[in-house]
Amino acid sequence: MKLLKPDWVHHDEKPIFSLDIHPDGTKFATGGQGNDSGRVVVWNMAPVINEKAELDKSVPKILCQMDNHLACVNSVRWSLSGLCLASGGDDKTVMVWKKAQGSGGVFGSGGFTKSAENWRCVTTLRGHAGDILDMAWSPQDRWLSSCSVDNTVIIWDVFAIPSIVAILKGHTGLVKGVAWDPVGKFVASQSDDRSIKIWKTADWTCQTTITEPFQECGGTTHILRLSWSPDGQYLVSAHAMNGGGPTAQIIEREGWKCDKDFVGHRKAVTCVRFHNSIMMRTAPKTNKSQQYCCLAVGSRDHSLSIWLTALQRPMLVIHKLFQDSILDLSWSSDGYVLMACSGDGSVACLQFDDNEVGTPLSEEDKNALYQRMYGKSVSDMNVQSEKDMIVENAELLDTINREKPKQPAFMAQLEGGTVQEPVFNENHTTNHQSNVPVQHPKFSGTTAQSKQAIHKQIETRTADGKRRITPMFIPMSQENSETNPVKITNNSLPTIVTEKFSEKEENLPTGQMLARVPDGPKGDQLDSRLTKTSISSAPPAKTLTLDLPSGKPSSSQPAAISKPELSNIPRTLTAGRLEVISGNFVRTISDLRIQVVNGAIKSPYGQLSRVFCCPIATPTKVTWEIFLGSSVVNCSTCLKYVIVCCSDGTVRLINARTGVLNMPIINMPTGIVQSAFNSSGELGGVVSECGLVRVWNIKEQKVTVSTSCTDLLRGGTVKMLTITDQGIPFVLISNGCAYTYSKAMESWLVLNTKDTLNQRNLAKYKPPYNTVQKNLRTYPIMAVQGAAHSLLPASNNFIDVPAAAWENVSQFTFIENQIQLCETIQSAEELKYWYSALGFHLSHHGTEQRLRLTLDDLLGSVHSVNADILGISKLTLLDLVLENLKSQPKWQRIYMEYTQQLRDLRHTPNDILK
């Protein structure tokens, strides 16, 4: 234990009547007499407990001094949240202070002195007819109580200042101490009339009056500060007598019995203070865990004693600590610092370690203890049932009466749109990108005709050789978000091949195209209405005959390269299986048609593949063409470029209009199984068979992502590659897992797994897949998670099971991870959605501590450098969280508190804030 008496903490040699340590332990407040008025000072704790900080002139000792009271200040108390400081004094008023932006100052004998912090009086409470001697905040800061020499206790409504909830009358002498039961059922007051009264908070009537321990009390003290134990089982009074000796009386909650007390002081006990936490340590003899409370007792004999309820004697007694009576005591929240003040104008600080006072009980153990004692956890102690709760703000009355709590909704839900479950074709590869003819997750719905330009089409050939064009629209950008989703069923074509219709069926199912990466035998199945014909039986494609230079042997034609080439590639790589594009492979880009024909030309060096472009209006006119010596296994397009990937691992990025190479030919170790562009076409990427992932900036000819996804391929292959406008790749695996890559962390981040708990959380906050799919550019995370979720088998066995406490905790973790993903992926719209979801979950299952932590995080730094997240003001995100509290009566006070702070910030000029 260390005993410190900082001589620089003083009120200009005037008495200090009260002090209180801030809940975060970084500062403390003192109240007493000033030169010409009452004085409240907020001090920095660091120079008190740290010698280095005390000697450092750059570390301020006084944070703020307030001389607003007209007469001596007798009591200062921090709210449990630490946001407010209350002070009461001989001027019959209570002032409530809040920290404002910027620095403050005070005028003194030496002129204006600037202070490190700026605490402003936000309200002055007037109701007492005499000096105010003590104050206390109720649990969860619902009320503020003050007691006075006018023989009354006033209960102030903190969230409807300056409203008075009740005036407690019954004492016949000066009321000099007040304390709240931590359970929230009672408030106790001690008076010069030699009594303690216990008042019920349900109706503010007197439960009982205790007089026996105080009958022998003669004389009086300036204050009578009493205290409740943190478990709510005991109330300890000031200034009691037993056998003619001064004591601190122990009053048991059960039956209000008074058969125990703390003895040893030679003069009257003026103040007692329990530590706010229940402490725990191992008993020295039995080695068993002990739970107990820690109490400090101050007296008129200038001495201090510290008691542990597990011991029969005081743990510590310090005689002649001051030259006058001890007037107030305060513990830090961690329990290792105790401060005391005296009428001689000085303060003392005692520092302990865990071997001396023990360690505070964890929140979980404290909840378990409260559950055993009272049938409720700590967070539920002071929460009324909603049906009995009075709505205190007229602004919220209509909202609470009309609105039922709703989960946060996307645009379609807000506009009354319906949400359909996706049906994913597990035998076909998918890809998400703007203006690229690729296959997407399936969403049921009726296709509406779009007024936008059609950039995609499916081309097939009927039995008589005629071409059939089936136009389709895939809105992948924000501009096209109003279009209804395309209906895609399990019979979607994996690629465009030459096929023959049965004579009984004329309608071709609408689908999307992609170079096929089948997962097994089912990958070769066709729609039941189609019959597949072999390549040899199809109408032969037109071939070209080249004139060979003299001296070149014309008979040296190697065998067909399609299957032998692929057979030479090792099959131990599992990102996907290469399959040569067969038939007449077509992509449509606006008014152009890109076509791939493998084995189109027989040359002395083997079969050549042909990629060519022609206008849709004049299909016989070739705009450009290229020939390749290896079979094409994958091809993707956008409005600007074409990616052509061959079985030998080469990748060509070609200008879609001119056919000119925009980058040198790139070689990958193995062939490409997936390729994609971002929505603008500025970025292109591939996934190779061996799991390498590359994303390039085509215009600047540089790589933006270079990594491998082989670690992700546990029992699956890559079914989809998507690239955001920020160049971030998303990978969907056939086993239902999905990942995205963080360049900053050089790691793959989890979007979806087969974990049952993850699936329940996704089901809890399930997005409207049809809206998300149409706005992949805006909701990339949810789109990929929705597609991955649809790959997994249905798990209906847990959907309707009531959520247990651990499930609520897991949902918090899930939502927080979604927020972190949004910040990493830079998805602003999804960030707003998940903050709204966080507010919804907090309003239903959160604790006040967890709720305030979120609100303070958004409110506390709105004027700092990091005032925005992804360009969204933290005030906007705070609005989204608060909106979910409106319909919950139990949070109405917190809603009003933070809404008012939000209004004040928005109406405060920026130059004042700075």
Side-chain angles (χ1 to χ4, degrees), residues 1-32 39-65 76-78 82 85 115-117 225 265 270-277 279 294-308 314-360:
M1 188 271 291
K2 290 183 180 180
L3 174 59
L4 306 169
K5 293 197 70 175
D7 55 7
W8 46 268
V9 178
H10 58 79
H11 283 204
D12 296 330
E13 300 181 354
K14 302 294 192 303
I16 297 178
F17 288 99
S18 181
L19 91 168
D20 201 29
I21 300 176
H22 191 275
D24 67 9
T26 62
K27 57 178 74 78
F28 66 96
T30 59
R39 176 172 294 178
V40 178
V41 183
V42 179
W43 305 85
N44 191 352
M45 180 66 82
V48 175
I49 61 177
N50 188 305
E51 183 179 0
K52 184 177 179 181
E54 184 179 13
L55 298 176
D56 189 346
K57 294 184 179 180
S58 64
V59 177
K61 292 182 174 64
I62 296 180
L63 298 180
C64 191
Q65 178 178 316
V76 288
R77 291 291 181 263
W78 294 101
L85 173 66
S115 57
E117 294 183 353
R225 304 194 199 275
H265 286 280
T270 53
C271 54
V272 297
R273 189 79 175 259
F274 273 102
H275 184 270
N276 290 333
S277 297
M279 309 303 285
C294 188
L295 174 74
V297 179
S299 169
R300 288 182 61 191
D301 62 7
H302 312 171
S303 64
L304 171 70
S305 62
I306 298 175
W307 301 74
L308 305 182
M315 183 191 81
L316 175 69
V317 177
I318 304 177
H319 296 288
K320 299 297 180 179
L321 180 61
F322 296 102
Q323 297 177 6
D324 203 339
S325 300
I326 296 177
L327 298 178
D328 205 358
L329 302 161
S330 180
W331 291 91
S332 64
S333 57
D334 62 9
Y336 301 135
V337 175
L338 171 67
M339 296 194 73
C341 67
S342 169
D344 64 9
S346 65
V347 301
C349 176
L350 284 74
Q351 286 183 275
F352 302 93
D353 57 38
D354 53 3
N355 294 325
E356 294 170 319
V357 296
T359 57

(message) Less than 3.5 Å apart, any donor N or O on the side chain of His302 or Ser325 sitting next to an acceptor on the other?
(response) no
(message) Can you see whether Ser330 engages Asp20 through a side-chain donor-acceptor pair at a distance of less than 3.5 angstrom?
(response) yes
Of the non-hydrogen atoms in [X] and [Y], which two are nearest, and what is the gap between them?
X	Y	value
Ile49	Cys349	CG2-SG, 4.1 Å
Leu329	Arg273	O-NH1, 2.6 Å
Cys341	Ile16	SG-O, 3.6 Å
Pro360	Met279	N-CE, 3.8 Å
Asp344	Phe322	OD2-CB, 3.4 Å
Pro47	Val59	CG-CG1, 3.9 Å

Would you compute the distance between atom [atom1] of [X] and atom [atom2] of [Y] and round it to the nearest 0.5 angstrom?
X	Y	atom1	atom2	result
Trp307	Leu295	CH2	CG	9.0 Å
Leu338	Cys294	CG	SG	8.0 Å
Phe274	Asn276	CZ	CG	11.0 Å
Trp8	Glu54	CH2	CD	6.5 Å

Do [X] side-chain atoms and [Y] backbone N/O form a donor-acceptor pair below 3.5 Å?
X	Y	answer
Ser333	Pro23	yes
Ser303	Lys320	no
Asp56	Ser58	yes
Ser299	His265	no
Arg39	Gln65	no

(request) Tell me, please, which residues at least two apart from His22 pass side chain to side chain contact (heavy atoms under 4.5 Å, CB included). (result) Asp24, Lys27, Trp78
Heavy-atom side-chain contact between [X] and [Y] under 4.5 Å:
X	Y	value
Phe28	Val9	yes
Ile21	Val337	yes
Ile306	Phe352	yes

(message) Regarding Arg77 and Asp328, does a basic nitrogen lie under 4.0 Å from an acidic carboxylate oxygen?
(response) yes
(request) Mind running side-chain contact (heavy atoms from CB on, under 4.5 Å) on Cys271 and Ile326 for me, showing each step along the way? (result) CA-CA 7 Å; Cys271 54; Ile326 296 177; 3.9 Å; yes
(message) Ring-plane angle category for Trp43 and His11, please: parallel below 30°, perpendicular beyond 60°, tilted otherwise.
(response) parallel
